[in-house]
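To start, the structure itself, in structure tokens.
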Amino acid sequence: NLWVLPSSIYLLAADTELPKMEDAHHVMKRIVDSVRDRFDYIFIDCSPSLGYTTVNILTAADTVLIPVQCEYLALEGLSKLLNTIRKVKSGLNPALDIEGFLLTMYDSRLRQANQIYDEVKRHFQELVFNSVIQRNVKLSEAPSYGVPTILYDADSTGAKNHLALAKEIINRNK
């Protein structure tokens, strides 16, 4: 009951090819709308860049889940992303909402990680997921074997964090 459509390096060309297409901002929306009724959830993982492809995907989305690394520079990028979301919402996709903020690469032993956690929680309150993705070696090893963490090591902290997030998303959307 799970369908995965992996990306590839060739998706990088989308930022140059999409603008050439008719009604270019809605290409992904047309694709998603054509299959929307066949799935309970559709997740589209975007690169952290705020290029044409990301805007196209935000135009197709109902909600956006925003991962926030527990590092200082992530907060800088967060303000840019929120500005992009505001622009997309005001013009291309008025129905776009924020699903939530997910704290990632969290290490409770680090003061900076705890400060960022507290700052994000204070500012975005109930939009912050209770689940966090802790810094974990298995999370960084799994991609080199070409498998998700849950298949690489289901008992790892990273796999358990992702399962907790999945349950939280399902519970929020009942």
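For reference, positions follow the sequence shown, starting with 1.
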If we only count heavy atoms from C-beta on, is the K167 to I170 side-chain gap below 4.5 Å?
no

Could you give me the CA-CA distance, side-chain angles and deciding distance for K80 and E76, then say whether salt bridge (charged side-chain N to carboxylate O under 4.0 Å, His left out) is met?
CA-CA 7 Å; K80 289 177 176 46; E76 298 286 321; 5.3 Å; no

Which word best sums up how the rings of H25 and Y52 line up, parallel for under 30°, tilted for 30 to 60°, or perpendicular for over 60°?
parallel

Short N-O contact, D153 and K160, less than 4.0 angstrom
no

Pairing of E71 and R135 as salt bridge, 4.0 angstrom limit:
yes

Neighbour count >12 (heavy atoms, 6.0 Å) for atom [atom1], [X]:
X   : atom1 : result
D45 : CG    : no
Y41 : OH    : yes
D40 : CG    : no

Start with the C-alpha gap between R30 and D23, add the side-chain angles, then the distance that decides, and say whether salt bridge (charged side-chain N to carboxylate O under 4.0 Å, His left out) holds.
CA-CA 10 Å; R30 288 192 300 272; D23 196 21; 3.3 Å; yes

Please tell me whether [X] and [Y] have a donor and an acceptor in their side chains that are separated by less than 3.5 angstrom.
X    : Y    : result
Y152 : E141 : yes
Y106 : N161 : no
D97  : T63  : no
T104 : Q69  : no

side-chain hydrogen bond (donor to acceptor under 3.5 Å, both in side chains), that's the test. Do E168 and S131 meet it? Break it down for me.
CA-CA 7 Å; E168 189 173 354; S131 304; 2.6 Å; yes

Face-on cation placement of R122 at Y117 ring, 6.0 Å and 45° thresholds:
no

Under the salt bridge (charged side-chain N to carboxylate O under 4.0 Å, His left out) criterion, do D33 and R36 qualify, and how do the steps go?
CA-CA 5 Å; D33 285 349; R36 187 181 298 272; 2.9 Å; yes

